[in-house]
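When a ligand or atom number is given, it counts from 1 through the structure's own listing order.
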Amino acid sequence: MSKAIAEVHSVLRRQFHGDLLRPSDGEYDVARNIWNGMVARKPGLIARCTDVADVQSAVRAAAAAGVLTAIRCGGHSLAGFGTCDDGLVIDLSRMRAVSVNAQTQRARFEGGCLLGHIDAATQKVGLAFPAGVVSHTGAAGLVLGGGTGWLNRLHGLSCDNVVGFTVVVADGSIARANAKENPELFRALRGGGGNFGVVTEFEVNLHPVTFVLFGAGMCFGDDIPAIVKQWRDFMAYAPDNLRWGISLTIAPHTENIPAHLRGRPVASQGLLWVGDLEEGRRYVDRGLSFCNTVAVTKSELSFLTLQTMADHEFPHGRRYYTKSGYFKSLADQEIQRMVEALVTIPSPASQIELSYLGGAAGRVAASETAFGDRSSPFIVNLLGTWSEPAEDAANIAWVRALFAELRPAMTPGVYVNFMSGDEQDRVPEAYRERWDRLVDVKTQYDPDNFFRLNQNIPVRKS
Ligand SMILES: Cc1cc2nc3c(=O)[nH]c(=O)nc-3n(C[C@H](O)[C@H](O)[C@H](O)COP(=O)(O)OP(=O)(O)OC[C@H]3O[C@@H](n4cnc5c(N)ncnc54)[C@H](O)[C@@H]3O)c2cc1C
């Protein structure tokens, strides 16, 4: 244990209410793991907080000792920012309370919640918070970066639905950020990631959603580029109630797919309708009838089923690498390039995720939140996923090569939560004309860049 970590441990031991885990402790080896198996680091100390006072103590002790500190909610950062070697992890996994006010349609949740905790509490009264599509994702990291998901087109990004934050800032004091109190910090926290402090509580707007209509189907061969073009042309005019995404990948070896098509490149579609289900049936049927679609399913799902149905596709501990970007329009040649890339995909679990933002999320002005410009609606996410360390190089190379080919046609900009850990040079690109204001907020609230394990916004040099 380094001298600095020993100092932090000795200070916290006297006042901490939660658990302090060192490498010699029994629970440490499980507690140090995060979701991305590519990032296996060994922190010197894991401080599992139980309350805001614990967070304040941990921030103060680490800042005083000059110890590198990671903040962890769900540990799902693709870049692995929820951990570090030798330093301190402030682990919020024991701070997962959610309270819901059905009358005001608002919820408050603590900074360690996973999406599933929020859904479970809000669905008890038929309400939903617009967030991501996998229930074991941490809410704090997702919301602070922006937060895309099934309800974005109807109700905006997660960060658009936040009305207030409670934050422990770098000097250990508590700041509130909302439309009236610290409005610049409020703006920065909606898209600016974990740069400004530890958010211990979020207050958010909820929306009535209980049942949805969901359709899925797969297209093969020449139908792959054909369906992507249909989707591209259709989405610009689609109602906000429809969220239609396509994943280009390799068909699994499952019984619902004809044997001769298993293991072949596929465009896997998911069409969600939120609203009047009869009206939705027309849209879902239409989307699934554009091409010769196989393995078609259509069902009314509870919101909780929708929110958990992809959980098993993204298990903890596998190896993941991603690169992402926006397109204002998607030309035929980029579509062709993506389809061709499926032929050399090294892992059948990897995918090219195509989603279309627009709707309510697209109508929020760039200046309102740090998340920024939403005028390029196509989001392309190249998600490499595989199991064996020996396959790292081939999988990373595939993602990088395809990204390099698509990059010239992308609009400058990137969603910080879909970035890997080797893309620090793209952070200014993520914030573009909002950069200077964010640097000012960072300089005011975190002048020593204590919170630096994130897609980092630097402090202004005086
Ligand atoms: C399986 C999976 C599915 C995903 N699906 C979606 C999706 O549908 N939509 C989407 O938008 N994104 C999605 N993402 C990306 C996701 O938004 C990011 O990975 C996000 O960082 C996860 O948050 P976390 O709290 O689990 O991460 P962590 O690794 O715990 O933290 C990530 C970052 O947030 C900071 N942070 C964490 N908690 C706090 C806090 N309380 N206060 C201040 N800073 C904090 C950390 O310092 C770190 O920089 C997905 C990721 C995975 C792995």
Out of curiosity, is [X] lining ligand 1, as in a heavy atom under 4.0 Å away?
X	value
Gly149	no
Gly75	yes
Gly80	no
Phe418	yes

What about the rings of [X] and [Y], do their centers lie closer together than 6.0 Å?
X	Y	result
Tyr445	Phe451	no
Trp150	Phe214	yes
Tyr320	Trp35	yes

Short N or O distance, [X] and ligand 1, threshold 3.5 Å exclusive:
X	result
Tyr415	yes
Gly74	yes
Gly141	yes
Val199	yes
Arg72	no
Val134	no
Phe314	no
Phe81	no

Nearest protein heavy-atom contact for [atom]: which residue, which atom, what distance?
atom	result
atom 6 (C) of ligand 1	Leu142 CD1, 3.9 Å
atom 2 (C) of ligand 1	Thr137 OG1, 3.8 Å
atom 32 (C) of ligand 1	Ser77 CB, 3.6 Å
atom 19 (O) of ligand 1	His76 O, 2.8 Å
atom 49 (O) of ligand 1	Leu453 O, 3.0 Å
atom 9 (N) of ligand 1	Thr148 O, 2.7 Å

Ligand 1 versus [X], non-hydrogen atoms closer than 4.0 Å: side chain, backbone, both, neither?
X	result
Leu92	side chain
Thr200	neither
Asn417	both

Please list, in number order, the atoms of ligand 1 under 4.0 Å from a heavy atom of [X].
X	value
Cys73	25 (O), 30 (O), 37 (C), 38 (N)
Val198	42 (N), 43 (C)
Asn454	49 (O)
Gly194	44 (N)
Leu144	42 (N), 43 (C), 44 (N), 45 (C)
Ala140	38 (N), 39 (C), 40 (C), 41 (N)
Gly197	42 (N), 43 (C), 44 (N)
Gly147	11 (O)

message = Do Val55 and Leu92 have side chains that approach each other closer than 4.5 Å (heavy atoms only, starting at C-beta)?
response =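 Touching, per the 4.5 Å side-chain cut-off.
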task = Determine whether Val163 and Asn205 make a side-chain contact, defined as any pair of heavy atoms from C-beta on separated by less than 4.5 Å.
result =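 Yes, close enough: below the 4.5 Å cut-off.
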Going by the angle between their ring planes, with limits at 30° and 60°, are [X] and [Y] parallel, tilted or perpendicular?
X	Y	answer
Tyr415	Phe418	perpendicular
His136	His316	tilted
Tyr356	Phe378	perpendicular

key: Proximity winner for atom 36 (N) of ligand 1, if only heavy atoms of Ile71, Val39, Val133 are counted   = Ile71
request  = Spell out, as yes or no, whether a donor-acceptor pair under 3.5 Å connects the side chain of Gln56 to the backbone of Arg60.
outcome  = no
task = Decide side chain to side chain donor-acceptor pair (under 3.5 Å) for Arg94 and Thr50; before the verdict, give the C-alpha distance in whole Å, the side-chain angles of both, and the deciding distance to 0.1 Å.
result = CA-CA 5 Å; Arg94 287 183 63 184; Thr50 54; 5.5 Å; no
Taking [X] first and then [Y], would you say they form a salt bridge - that is, a charged N and a carboxylate O separated by under 4.0 Å?
X	Y	value
Arg407	Glu429	yes
Asp240	Arg363	yes
Arg400	Asp422	yes

task = With Glu201 as reference, evaluate Arg96, Arg108, Arg176 under the salt bridge (charged side-chain N to carboxylate O under 4.0 Å, His left out) test and give the passing residue.
result = Arg108
request  = Might you work through the side chain to side chain donor-acceptor pair (under 3.5 Å) test for His155 and Asn161, ending with a clear yes or no?
outcome  = CA-CA 8 Å; His155 296 303; Asn161 285 280; over 6 Å; no
task = Establish, from distance only, whether the side-chain atoms of Lys328 and Ser375 form a donor-acceptor pair under 3.5 Å.
result = yes
key: Phe450 six-ring face occupied by Arg452 cation (under 6.0 Å, within 45°)   =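 Not satisfied by the 6.0 Å and 45° rule.
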